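To start, the structure under review is shown below, and the notes come after it.
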Amino acid sequence: MSKPLDDTHDQNARTWVESARRPGHDFPIQNLPFGVFRRRGRNEAPRIGIAIGDEVLDLARVVSQGLLDSLEQPIREALVANNLNPLLALGRDAGSQVRAEVFELLLEDVPAARRPADCLVPVANAELLLPVDIGDYSDFYASLHHATNVGSMFRPENPLLPNYKYVPIGYHGRASSIVVSGTPVRRPLGQTKDDQATGPVFGPSRGLDYESEIGCYLALGTSLGGQVVLADAEQYLFGVCLLNDWSARDIQRWEYQPLGPFLAKSFATTVSPWVVTFDALAPFRQPAFDRPAGDPDPLPYLANERDRRSGGIALTVEVYLESDKMRAEGIGPMRLSRGSLGSMYWTMAQLVTHHASNGCNLRPGDLIGSGTISGETKESRGCLLELTWRGSDPISLPTGELRRFLQDGDEVILTGYCERDGFARIGLGECRGSVVAA
Ligand code: CA
């Protein structure tokens, strides 16, 4: 199911790109994530790139120099597009071939004359764009701990609803308000109602929160009425990004029954610019979440031995916050939490299989969110709602400021990485967003 390991995962592989050899860099030669960029200050069309160290490899330029001629024509054509959709439509294997070829071009033993050095753009000179034209976005709720924590705040008598351990719960998000890292996020307006109030009021949210998640871009697609059997589901998983599902808790609380979140979440979702492929993630696969004794087995369409054995991903996600005052005083961001995608109750393959199980079509470039990544410990809770227990236990910032929910000027920064003995560490880069006043 997960791809076998190959030369591209060799921890001893070295590149001639100096900055990518720095220990701990998110983008060593073993990663090679895809993105879309434009050189700053130029009025040029977006182009596909691959991150290597502090540089972006301009794939259109590499193709034009004939350095990827071993790839079939449709793949080369997809690499000169303005977004990753044509590549995703060719399926996961096309991405694997590109990554493997680029790996060879960047290896240290490539003679200087054959290195595509003039195809590198310093990332500081690049404007990173949304990598995919996202047709549809669905967000799941795959962390048992998040669901239990949130449920116990809103329904103390009945925290985990009886469907949770059978159905991967999700909702349809809004694709058109997905923005790339660095885009400011305006505090939403909406209806809220305090517990003691007799009626709702309309105004700026006072309960703005983030949710720390992993997003997954889909390759291939299905037709209406089609299905994705779990044994094939990994073929639909192209790569992952960091995802911040901004959430207005006060709006959510008033609107969410009976149909789930709507305006509490549709105002913005931020994603990181780089798509880390499932090929790069191969060394970090692990067993699916170990269901405690007494939990039901998944229904047969959501169960198979390979997914149980290797459907999980050991991916750590951290959340940092920097207030205006922290920035002014030069303190730097403070870490709020650290969680692991491995603690999720459902695997990405199960989420895709479930999504298509009713005959709903999937399209290349669709984005699915994992749901807030929260673990068992307080330190691993992936949103302020849980960390501050709905504001009753505020967080102290180094400036002496308190946070129950986000204030204007606060910047939320998600980072993510995979580490395992015997392999090079790889990272997802950053997903940043600052809150601006309503
Ligand atoms: Ca969410």
Side-chain angles (χ1 to χ4, degrees), residues 134 136-155 159-161 163-164 167-179 181 185 188 190 205 207-218 240-257 259-272 289 313 315 317-319 336-337 339-341 343-348 350-352 354-355 366-375 380-388 390 405-406 412-414 416 428 431 433 435:
I134 301 163
D136 274 296
Y137 158 53
S138 306
D139 194 25
F140 284 91
Y141 195 53
S143 162
L144 175 69
H145 305 292
H146 174 68
T148 306
N149 285 337
V150 172
S152 65
M153 281 174 240
F154 287 88
R155 296 177 306 273
L160 199 65
L161 293 171
N163 55 7
Y164 188 84
V167 186
I169 302 292
Y171 69 96
H172 286 290
R174 185 149 184 98
S176 63
S177 57
I178 298 176
V179 296
S181 176
V185 170
S205 166
L208 185 58
D209 199 356
Y210 61 84
E211 290 189 339
S212 158
E213 305 194 16
I214 290 295
C216 176
Y217 290 103
L218 301 188
V240 299
C241 63
L242 297 158
L243 185 152
N244 181 347
D245 178 23
W246 302 94
S247 299
R249 301 303 184 191
D250 45 358
I251 298 173
Q252 183 179 2
R253 191 152 169 268
W254 175 233
E255 76 171 5
Y256 90 109
Q257 300 203 76
L259 282 184
F262 182 40
L263 302 185
K265 287 169 181 278
S266 62
F267 59 94
T269 307
T270 305
V271 292
S272 56
F289 183 80
I313 308 170
L315 198 174
V317 181
E318 297 183 344
V319 181
L336 298 183
S337 69
S340 173
L341 189 64
S343 66
M344 306 303 264
Y345 200 74
W346 301 102
T347 65
M348 284 291 178
Q350 286 173 317
L351 299 182
V352 170
H354 181 67
H355 202 312
D366 282 358
L367 179 68
I368 61 174
S370 61
T372 307
I373 299 167
S374 292
S380 65
R381 294 176 185 164
C383 61
L384 286 176
L385 178 71
E386 289 172 85
L387 277 173
T388 71
R390 208 168 129 193
F405 290 104
L406 296 170
V412 177
I413 306 149
L414 311 185
L428 271 61
C431 177
V435 179

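Start at 1 and go down the list; that is how both ligands and their atoms are numbered. Note that the coordinates shown come from a computational prediction; the quantities given were computed from them, not determined experimentally. All values below were derived from every heavy atom in this structure, side-chain atoms included, with hydrogens, water molecules and symmetry-related copies excluded.
- Cation-pi check for Arg390 over Phe154 is met; the charged atom lies under 6.0 angstrom from the ring centroid and within 45 degrees of its normal.
- Heavy atoms only, all atoms of each residue included: Pro188 and Leu208 are closest at CD-CD1, 4.0 Å.
- Taking the six-membered ring where tryptophan is involved, the planes of Phe289 and Tyr345 are tilted, since the angle between them lies from 30° to 60°.
- Around the Ca ion (ligand 1), protein N, O or S atoms at a distance under 3.0 Å total 4; waters are neither shown nor counted.
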Checklist entry - side chain to side chain donor-acceptor pair (under 3.5 Å) between Ser343 and His145: does it pass, once the steps are laid out? => result CA-CA 9 Å; Ser343 66; His145 305 292; 5.6 Å; no
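- At distances below 3.5 Å, not a single donor-acceptor pair connects side-chain atoms of Ser247 with backbone N or O atoms of Arg249.
- With Glu213 contributing its side chain and Asp245 its backbone, the two residues share no donor-acceptor pair below 3.5 Å.
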